[in-house]
Each structure stands twice: as structure tokens, then as C-alpha cells.
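Below is one structure, written out as C-alpha cells; the observations come after it.
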Number of protein chains: 2
Amino acid sequence: MVQYSKKIQGVPEPTIRRMPSYLAFAEGLLRKGQQFVSSTQIANYMNIDPTQVTKDLSYTTIVGKTRVGYEVKAIVDVLSEFLGFSVMDNAFLVGAGSLGSALLHDSGLNHFGLNIEAAFDVNPATIGRKINDVEVFHIDQFRDLAQELNVIMGIITVPAENAQTVADLMVAWGIKAIWNFTPARIKVPDDIIVQNTTLYSNLAIIFNKLHHERKEE
Amino acid sequence: MVQYSKKIQGVPEPTIRRMPSYLAFAEGLLRKGQQFVSSTQIANYMNIDPTQVTKDLSYTTIVGKTRVGYEVKAIVDVLSEFLGFSVMDNAFLVGAGSLGSALLHDSGLNHFGLNIEAAFDVNPATIGRKINDVEVFHIDQFRDLAQELNVIMGIITVPAENAQTVADLMVAWGIKAIWNFTPARIKVPDDIIVQNTTLYSNLAIIFNKLHHERKEE
DNA sequence: AATCATTAAAGAAATTTTTCTTTAATGAAA
DNA sequence: TTTCATTAAAGAAAAATTTCTTTAATGATT
């Protein structure tokens with residue numbers, strides 16, 4: 001079957017996954033006052049191939065100079081911009097349990113362009129409280145607040161069995177993207193962006209390497 | 001160049017990433033009393049191709065029955081075993097800040113075979129406290145405790161700039177695997193397993209889809 | 001009992017991602 | 001000034017992963 005349209009100009013997801021680390025590295029170099037950095041240096045830091053770095057950076061407007069490398073400042077500026085870390089987007093978080101409150105405490109999210117406007121839960125013990133200056137509301141109040149505030153992302157940190165219910169509510173509320181931290185997979189309309197982040201997948205990979213994989217010799 | 005040895009029998013990492021979700025789905029079905037599940041059902045739940053599911057499951061000992069599907073109980077049992085979720089491994093966590101304490105609160109880790117024996121920090125405010133029954137020690141005490149307890153994994157949840165220092169200590173302490181939650185990349189000997197889990201990568205992917213990617217039409 | 005529809009499984013093909021190779025540029029050293 | 005070594009960049013090749021195709025099995029339906 002002929003495919004008449006696809007993602008235009010899509011940057012590979014593995015590339016995007018690596019970029020925040022390039023950025024973190026460059027930010028560190030910037031603080032240390034280093035002006036240029038070569039793909040070899042970056043690759044060495046990341047334990048990957050140098051051409052991988054140049055390929056990845058070639059998706060942006062950054063250009064390197066032969067025998068010199070890339071300008072550190074340019075990497076920081078262009079990459080933050082490219083990754084969407086330089087504009088602030090608003091989010092609601094549903095599920096103010098342990099993982100939820102950890103995210104509320106994480107200043108890194110703010111640093112990378114995500115502002116959590118409010119949190120929601122059903123637990124009377126947490127409702128009304130403030131976690132790191134973010135107020136926790138009863139989930140029934142979500143609809144009204146979503147109207148007032150310009151919120152485009154919903155973060156799901158409830159138990160897996162409630163993920164779909166929360167997702168349905170978020171879609172009804174007009175949210176554009178959902179960051180799902182449960183192992184459950186949610187069904188949403190095609191135009192809603194879903195990103196699943198399951199910590200346990202990483203655990204599974206570690207265990208697999210520890211228990212199964214024999215070493216290369 | 002001829003490669004004389006490689007990973008033997010390596011299961012693709014994307015496969016392992018998907019497996020915890022298969023498992024979570026199967027556990028849900030088991031609770032509901034469903035006895036069999038087809039690859040189509042699983043694929044529909046995951047929003048992936050059915051053959052992907054059969055391929056993934058073919059790496060395990062699970063076999064399906066034509067026109068019936070896979071036995072739910074078998075998926076649960078074999079997958080938990082396969083993913084290493086059915087034996088308990090001990091870990092130390094360094095960095096009892098917001099993310100660190102969230103992990104300490106997360107019962108899911110225990111459910112999936114990871115037991116955090118102790119936590120470490122340098123902040124006097126947290127040292128001596130117990131977080132969800134896990135005691136927080138000063139990092140200097142790590143060496144002694146590592147001797148006593150059979151700990152194979154170290155979890156790094158310190159600020160990025162301290163990641164390498166902590167990793168070096170962990171390696172010196174004889175840890176076999178490191179789960180690194182910072183965006184920094186750490187250098188360790190080849191025989192140490194490192195798994196990097198950077199939340200901000202996921203954020204980058206969402207932003208990229210929100211800001212850059214045009215929809216297919 | 002015969003047909004049909006659904007399914008797992010295996011292998012082929014297509015796609016995606018990574019690694020390798022070549023080229024040209026240029027700062028540093030001789 | 002000339003040579004040398006390092007680098008980015010572009011394209012080719014290789015490797016990994018996903019999707020497609022075919023086959024055979026079998027429960028359900030007629």
C-alpha cells in the first residue's frame with residue numbers, strides 16, 4: 001500500500017532522547033567556561049559513536065567548525081529551544097501520591113519548561129494541601145480549573161487501574177498531551193499525544209542484563 | 001572487521017520495554033478471571049501490531065494456541081520470571097531528595113523485585129530519618145553497610161553534577177548495576193551495568209510532538 | 001461432517017537507526 | 001609556508017527492529 005503522507009521531517013526518537021543529555025553536558029561545560037566542544041568529546045562522555053553526535057546535531061541548526069567543534073553556547077541555546085525547554089507549558093497532574101508528589105517537588109521540570117499549575121486527587125488527606133506550592137484539588141474541580149488556565153498537558157500518576165478513567169476525563173477537558181506514568185496503556189483519540197513513562201521498563205532492562213545476558217568476551 | 005562474539009541470544013531492548021506492560025495487562029485480566037488472551041487483544045490494548053506481540057512473546061517459553069490465544073496465567077508467571085520480577089534483589093539509593101524519596105515510597109519497585117535496603121545522603125536534615133521504613137544514612141557509612149548486606153544495585157538520585165562521584169563510590173563498593181536517574185552520563189568499568197533513566201527525555205519527546213511534528217493527514 | 005474464520009508462528013520484506021567510509025576544511029606544528 | 005592531524009559533514013553500508021505475508025492449526029458455525 002502506498003503511503004501518501006507521513007511524518008514530515010521527523011527527528012528520530014532516539015535522537016530526541018539523547019539530546020537532553022547533550023544539553024546537560026553542554027550546560028556543564030558552559031559553567032566551566034569551555035567555549036568549544038567536539039563531537040568526539042560529547043561522544044566520549046555519552047559512550048556513543050562520534051558520528052551519532054554529529055548526525056543528531058545535524059537535525060538542528062547547529063553547525064560545527066572543522067578542527068574546532070561546536071560552540072558550547074550554541075548547543076545550549078539551540079537545543080533548549082529545539083527541545084521546547086525554553087518556553088513554559090502548563091500542566092495538570094492527577095494522582096498526588098508518592099510519584100506525583102515527587103514530580104511536584106522536582107524543580108527540573110520547571111527548568112525544562114514544564115509548569116505544573118495544579119494537582120488533583122481523590123484522597124481527602126491530600127486535598128486542600130499544598131505540595132511545593134502547588135495546590136491539590138478534588139478531581140471534580142478539574143473541569144472548572146481547566147477552563148480558566150491554559151493547560152495543554154495532563155500528567156497521570158494514579159494507580160494503573162484508574163489510568164484510563166483519568167485519561168478520558170483529560171481528553172474531555174481538552175488536553176492536548178498526556179504523560180502517562182502508569183504501566184497501563186490508555187486509549188485516546190488520534191490527535192492526542194501520549195507519552196508513556198514506565199519506570200519498571202528500566203528495571204526490567206537492568207534485571208535482564210543482570211540475570212540473562214552473558215558477557216561478550 | 002569480524003566480530004567473534006556478541007550478545008548471545010539477546011532479547012531486543014524494545015521487546016523488554018514492552019513486556020512490563022504485557023504483564024500489567026495480563027495481571028489485570030487474571031484479576032478479572034479471563035483465562036485466555038489473543039495477541040490481537042494485547043496489541044489492541046497496546047496500540048501496536050499483533051505480530052509484534054507474538055514476536056515479543058516468542059522470546060520466552062510461552063506458546064499460544066491457534067484460535068484461542070495465550071493463557072493469561074502463563075503470561076503472568078513466565079513474564080514475571082523472565083523479567084526478573086519474581087526474585088528479590090537488594091539496592092541502595094543515594095540521594096534522598098524529592099525523586100529519591102518518591103522511589104522509596106513506591107511500592108511498585110518492591111512488587112517488581114527490587115528491595116531498597118537503605119538510603120544515603122549528605123543533607124543533615126534527612127540523615128537519621130526513615131522514609132517509608134527505609135533509613136537514611138550519611139554517605140560515608142555506605143562502605144560498611146555494603147559489606148554486611150548483599151546489595152547488587154545502586155540507585156543514583158543526586159544532582160547531576162554529583163552523579164560521577166557517587167558512581168565511582170558505588171563501583172568501589174562492588175555494586176554490579178547502577179540505575180542512574182540523572183541526565184549526566186557516568187563512566188564505569190565495562191562489567192558494570194548502567195541504566196540511564198532521564199525523565200526529561202520523555203518531556204523532550206512530548207514537546208517535540210507538540211511543537212514540531214506536523215500531523216499526518 | 002464440512003466449511004469458515006480466527007489465530008499463532010515463521011520467515012520475508014520494509015523501515016528505521018546506527019556505524020562505517022570518504023571527503024574537505026583548517027588550526028597547529030614543523 | 002608546508003605538512004600533519006583532527007574534525008564536521010555527507011553519504012553508504014550494516015545492523016536492528018518492525019511490519020507484512022504466508023502457512024497451518026483448530027474452535028465455532030452451518
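If you're wondering where the values come from, they're calculated on a predicted model, not measured in any experiment. Just so it is clear: chains get the letters A, B, ... in the order the sequence lines come, proteins before strands, and each one is counted from 1.
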For the pair made of CD in B:Gln41 and P in C:dT6, what is the distance, rounded to whole Å? 13 Å
Selection from C:dT18, D:dT19, D:dT17 that lies nearest to any side-chain heavy atom of B:Lys55: D:dT19
Looking only at heavy atoms, the pair that brings B:Leu104 and B:Ala119 closest together is CD1-CB, 4.0 Å
Please work out if A:Arg18 contacts a base, only the sugar-phosphate, or nothing of the nucleic acid, heavy-atom cut-off 4.0 Å. sugar-phosphate
Per atom distances to the B:Thr66 side chain, the nearest of D:dT17, C:dT7, C:dT17 is C:dT7
Atom-to-atom span, CG of A:Asp56 to P of D:dA8 - whole angstrom: 13 Å
Report the distance from atom CD of A:Glu71 to atom C1' of C:dG27, rounded to the nearest whole Å. 17 Å
Rounded to the nearest 0.5 Å, what separates atom CG in B:Leu93 from atom CH2 in B:Trp179? 10.0 Å
Heavy atoms under 4.0 Å, any strand shown: does A:Lys65 hit a base, just sugar-phosphate, or nothing? sugar-phosphate
Atom CZ of B:Arg67 and atom C1' of D:dA24: how far apart are they, to the nearest Å? 14 Å
At under 4.0 Å, does any side-chain N or O of A:Ser39 touch on OP1 or OP2 of D:dA8? yes
Report the C-alpha distance between A:Asn115 and A:Asn90 in whole Å, list the side-chain angles of each, state the deciding distance to 0.1 Å, and finish with yes or no for side chain to side chain donor-acceptor pair (under 3.5 Å). CA-CA 5 Å; A:Asn115 173 52; A:Asn90 290 329; 3.0 Å; yes
Closest non-hydrogen atom pair between B:Gly100 and B:Thr157, with its separation: CA-OG1, 3.5 Å
Between C1' of D:dA10 and CD of A:Gln52, the distance in whole Å: 15 Å
When rounded to whole Å, the OH to P distance for the pair B:Tyr59 and C:dA9 reads 14 Å
Could you tell me whether B:Thr51 contacts a base, only the sugar-phosphate backbone, or nothing, with contacts defined as non-hydrogen atoms closer than 4.0 Å? base
Which part of the nucleic acid, if any, lies within contact of B:Ser38, taking any heavy atom under 4.0 Å across all strands shown: a base, the sugar-phosphate backbone alone, or nothing? sugar-phosphate
Euclidean distance, atom CD1 of residue B:Ile48 to atom P of D:dC20 [Å, nearest integer]: 13 Å
Starting from P on C:dT19, measure out to CE on A:Met46 and report it in whole angstrom. 12 Å
Pairing residues for A:Gln34 by the side chain to side chain contact (heavy atoms under 4.5 Å, CB included) criterion, not counting sequence neighbours: A:Leu29, A:Val37, A:Gln41
